[in-house]
Amino acid sequence: MQSDPKNIKYPYLPDGRTILYVPEDNRYMKIVKEFARLNSLDKSIQTGSVVVKDGNIIGRGANGSTYHETHECGRVKQKIPTGQEYELCEGCHPKNHSEPKAVANAKDTGHDTNGADLYLWGHWWCCEPCWNAMIGAGIKNVYLLEDSEILFNKENPNNIVGKQFE
């Protein structure tokens with residue numbers, strides 16, 4: 001694993017990749033924040049992604065499924081740490097993460113994602129299955145909100161989890 005310029009210890013970061021940061025007033029971050037607020041089905045960590053190419057948003061995705069509304073999370077029940085074994089819970093499965101949903105939305109609407117960027121609201125890192133989907137789609141850069149390692153990290157006492165839209 002590689003560390004980024006801010007020396008953040010991500011749970012996962014593929015070799016040769018870095019995460020870039022933008023302020024909350026960034027055009028795409030503002031759009032993806034609102035998209036997450038309106039479309040995320042995971043109300044604890046509302047997450048959204050937009051795929052941007054040549055200045056245009058070509059794909060959108062929000063995290064979550066309705067599974068957790070009627071079922072207990074299998075990963076929580078088994079005390080599985082964040083970032084691991086998502087496939088053990090239907091609600092946590094990577095197919096329900098915003099990044100691959102945004103990539104799929106772009107491709108489903110006929111867009112070429114090679115060389116595009118992805119903006120992510122609501123998380124401070126990307127899991128391995130999401131990175132695999134983005135790398136496979138040719139996503140060039142991943143942008144997170146400045147200080148997201150604090151703001152969206154459940155372990156950080158200064159996080160805004162549950163208050164991210166106030």
Undergrad: Using side-chain heavy atoms (C-beta onward) and a distance below 4.5 Å, is Ile139 in contact with Val103?
TA: yes
Undergrad: Please write out which residues are connected to Ile45 in a hydrophobic cluster, directly or through intermediates, given that two of Ile, Leu, Val, Met, Phe, Trp, Tyr count as joined at side-chain heavy-atom separations below 4.5 angstrom.
TA: Val161
Undergrad: Can you label the angle between the Phe165 ring and the Trp121 ring as parallel, tilted or perpendicular, going by 30° and 60°?
TA: tilted
Undergrad: Restricting to pairs with a member in residues 47-82, which pass ring pair (Phe, Tyr, Trp, His ring centres under 6.0 Å), not counting sequence neighbours?
TA: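 Checked against ring pair (Phe, Tyr, Trp, His ring centres under 6.0 Å) - neighbours excluded - the pairs reaching residues 47-82 are Tyr67-His71.
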Undergrad: Any idea which heavy atoms bring Leu145 and Pro23 closest together, and the distance?
TA: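 Scanning both residues, the minimum pair turns out to be CD1-C, 3.8 Å.
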Undergrad: Can you list everything that forms a ring-ring contact (aromatic ring centres under 6.0 Å, His included) with Phe35? Sequence neighbours excluded, please.
TA: none
Undergrad: Lys95: what forms a side chain to side chain donor-acceptor pair (under 3.5 Å) with it, not counting sequence neighbours?
TA: Glu90
Undergrad: For the residue pair Ser98 and Leu120, what are the closest heavy atoms and their distance?
TA: OG-CD1, 3.5 Å
Undergrad: Please write out which residues are connected to Leu88 in a hydrophobic cluster, directly or through intermediates, given that two of Ile, Leu, Val, Met, Phe, Trp, Tyr count as joined at side-chain heavy-atom separations below 4.5 angstrom.
TA: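 Taking Ile, Leu, Val, Met, Phe, Trp and Tyr as members, Leu88 shares its hydrophobic cluster with Ile80.
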Undergrad: Which residue pairs satisfy the side chain to side chain donor-acceptor pair (under 3.5 Å) criterion with at least one member in residues 156-166, sequence neighbours excluded?
TA: none
Undergrad: If the condition is salt bridge (Lys or Arg N to Asp or Glu O under 4.0 Å), which residues does Glu24 pass it with, not counting sequence neighbours?
TA: Lys33
Undergrad: Mind checking side chain to side chain donor-acceptor pair (under 3.5 Å) for Asn39 and listing every partner two or more places apart, or none if nothing turns up?
TA: none
Undergrad: Restricting to salt bridge (Lys or Arg N to Asp or Glu O under 4.0 Å), what partner residues turn up for Lys107, sequence neighbours left out?
TA: none
Undergrad: Name each donor-acceptor pair under 3.5 Å that joins a side chain in residues 126-137 to protein atoms two or more places apart or in another chain, with its distance.
TA:
from   : atom 1 : to     : atom 2 : distance (Å)
Trp131 : NE1    : Cys126 : O      : 3.3
Asn132 : ND2    : Glu128 : O      : 3.4

Undergrad: Is the shortest distance from a Lys or Arg side-chain nitrogen in Lys53 or Asp117 to a carboxylate oxygen in the other one below 4.0 Å?
TA: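 Salt bridge absent between Lys53 and Asp117.
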Undergrad: Among residues two or more places apart or on two chains, list those pairs meeting ring pair (Phe, Tyr, Trp, His ring centres under 6.0 Å) that have a residue in residues 87-109.
TA: Tyr86-His97
Undergrad: Just so I know, are the side chains of Trp125 and Tyr12 near enough to count as touching, which here means a heavy-atom distance under 4.5 Å?
TA: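 Yes. Closest side-chain heavy atoms under 4.5 Å.
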Undergrad: How would you list, by chain and number, every residue that makes a salt bridge (Lys or Arg N to Asp or Glu O under 4.0 Å) with Glu34, sequence neighbours excluded?
TA: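 Salt bridge (Lys or Arg N to Asp or Glu O under 4.0 Å) check on Glu34 returns Arg37.
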Undergrad: Let me see the working for Leu144 and His123 under side-chain contact (heavy atoms from CB on, under 4.5 Å), right down to the final yes or no.
TA: CA-CA 8 Å; Leu144 299 180; His123 274 310; 5.6 Å; no
